[in-house]
Amino acid sequence: PIATLGEALAAEPGVLVQQSTYGQVSPFLRGLTGYQVLNLVDGIRFNNSTFRSGPNQYLAFLEPNQARRVEALLGPTGVQYGSDSLGGTINVITSQPEFSSGGGARTMHGDFFAGGASADLSTVGSGRVSAAGEKVFCLIGASGRKHNDLRSGGGYDSRNVFHRFFAMPLADVRDLLGSRQQDTGFRQYGFETRLALRPRDGHLLSFNYERGVQDQVRGYKDLLGGLGRLQSDFDPQVLNWFYARYEKQSLGFLDSLTGTFSLNSQVDGS
């Protein structure tokens, strides 16, 4: 049960997942991050030149249960994806349309996921329902998670300011403040919907909308795990992501032709 989407890459070779707090993540690919690593959602650009060059948290705006697969391609991929993918490319794949076949039959599918973890006393839940015909596919889903303060290994927080700046033994810090890292907990919830139309063979028109919201995110590097500041809130943290795509197969000498319109709205308050 990962807390943020980027943590799916934490165990992959050549990838460093940088986090300055529990609710944020910025993957390093081949030593680069920020706008030097290209982030895509269903092959559509997610980040751009307005993102700061250093580590940033925007990949965490995507609710993990809205993703079906996360792909990472290491090394420069400018020929395929664009000149800013110097460290590599991360592509998040969401739910794809699955049409029914045979005489206009209708199919219904649904899935539900629930989970939890003891290290952060977290609870996670998501649900998704889809209906499909031979020419129409629609999906709707919602997800949410609540992560409480994280417990470090054995309850010993080696980053705590009382240990680093005042040389207090880790056991004394734990007895003073408890075994959990202050204000690392956060909430996140999301909504997704997709409509796909296949009017004729070789034609596909799809619309996709996703919303993600993070609450109570605080920068741990500014709390007792960092500089010890009193104000460290990131609020609000909101993503609204929409795209419409038309695909045509076998158009003259072209194997396929695709046109896409996308709208990416993000709110980053601190």
Side-chain angles (χ1 to χ4, degrees), residues 1-12 15-29 33 37-47 51 55-73 88-96 109-130 139-150 184-194 208-218 220 234-243 264-268:
I2 58 175
T4 58
L5 189 61
E7 292 179 24
L9 303 172
E12 299 302 316
V15 179
L16 168 68
V17 173
Q18 187 269 358
Q19 290 182 278
S20 54
T21 195
Y22 195 32
Q24 300 178 353
V25 62
S26 184
F28 279 70
L29 273 60
T33 191
V37 170
L38 178 60
N39 295 331
L40 305 173
V41 178
D42 292 336
I44 302 170
R45 179 182 296 273
F46 182 71
N47 61 350
F51 285 23
N56 60 68
Q57 71 271 30
Y58 305 114
L59 188 64
F61 284 12
L62 293 164
E63 218 286 335
N65 285 328
Q66 293 177 349
R68 289 297 194 183
R69 189 169 73 252
V70 180
E71 301 175 348
L73 186 61
T89 298
I90 297 173
N91 191 14
V92 180
I93 308 297
T94 64
S95 300
Q96 301 300 302
H109 293 282
D111 63 74
F112 175 77
F113 169 80
S118 60
D120 57 358
L121 298 177
S122 63
T123 55
V124 181
S126 67
R128 186 182 290 109
V129 178
S130 64
L139 177 146
I140 186 170
S143 55
R145 59 185 59 241
K146 176 68 172 73
H147 296 273
N148 293 296
D149 289 349
L150 185 66
T184 50
F186 68 99
R187 298 181 303 181
Q188 186 169 5
Y189 53 91
F191 171 81
E192 60 177 324
T193 182
R194 177 184 292 271
N208 186 58
Y209 170 72
E210 295 188 25
R211 176 176 173 84
V213 180
Q214 283 188 327
D215 290 332
Q216 302 175 342
V217 177
R218 299 176 180 88
Y220 193 62
F234 288 86
D235 186 46
Q237 304 270 269
V238 182
L239 168 69
N240 287 290
W241 168 263
F242 168 82
Y243 72 83
N264 183 354
S265 171
Q266 300 182 16
V267 179
D268 174 17

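Contacts classified as salt bridge (charged side-chain N to carboxylate O under 4.0 Å, His left out) and involving residues 115-129 (residues at least two apart or in different chains) are given here: Asp111-Arg128, Arg128-Glu192.
Using modelled atom types, no side-chain atom of Asn240 and backbone atom of Arg211 make a donor-acceptor pair closer than 3.5 Å. For Asn47 (side chain) and Asn39 (main-chain N/O), a donor-acceptor pair under 3.5 Å exists by modelled atom type. No donor-acceptor pair under 3.5 Å is formed between the side chain of Gln24 and the backbone N or O of Tyr22. For Thr123 (side chain) and Gly116 (main-chain N/O), no donor-acceptor pair under 3.5 Å exists by modelled atom type.
For the residue pair Glu63 and Ser143, the shortest heavy atom distance occurs at OE1-OG, 3.1 Å. Considering all non-hydrogen atoms of both residues, Ile2 and Arg145 come closest at O-NH1, 2.9 Å. Closest approach of Leu5 and Val92 over heavy atoms only: CD2-CG2, 3.7 Å. Residues Phe28 and Pro55 approach most closely at CZ-CG, 3.9 Å, considering heavy atoms. Closest approach of Gln96 to Thr94, counting heavy atoms only: NE2-O, 2.9 Å. Counting all heavy atoms, side chain and backbone alike, Gly6 lies closest to Leu59 at CA-CD2, 4.1 Å.
Considering OG1 of Thr21 and CD of Gln57, their distance stands at 10.0 Å, rounded to 0.5 Å. Taken from CG in Asn208 to CG in Asp42, the straight-line distance is 6.0 Å, to the nearest 0.5 Å. In this structure, Phe242 CZ and Glu210 CD are separated by 12.0 Å, a value rounded to the nearest 0.5 Å. One distance of note links CG of Leu38 with CD1 of Ile90; it measures 9.0 Å at 0.5 Å rounding. Rounding to the nearest 0.5 Å gives a distance of 10.0 Å between CG of Asn56 and OG of Ser20. Going from atom OG1 of Thr193 over to atom OH of Tyr209 covers 10.0 Å, rounded to the nearest 0.5 Å.
Applying the ring-ring contact (aromatic ring centres under 6.0 Å, His included) test to Tyr58 and every residue at least two apart in sequence or in another chain returns Phe51, Phe61.
Side chains of Asp215 and Tyr189 form a contact here, defined as non-hydrogen atoms less than 4.5 Å apart.
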Give the C-alpha distance, both sets of side-chain angles, the deciding distance and a yes or no for side-chain contact (heavy atoms from CB on, under 4.5 Å) between Phe46 and Leu40. CA-CA 5 Å; Phe46 182 71; Leu40 305 173; 5.8 Å; no
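Side chain to side chain, Gln237 and Asp268 meet the donor-acceptor criterion of an N or O pair below 3.5 Å.
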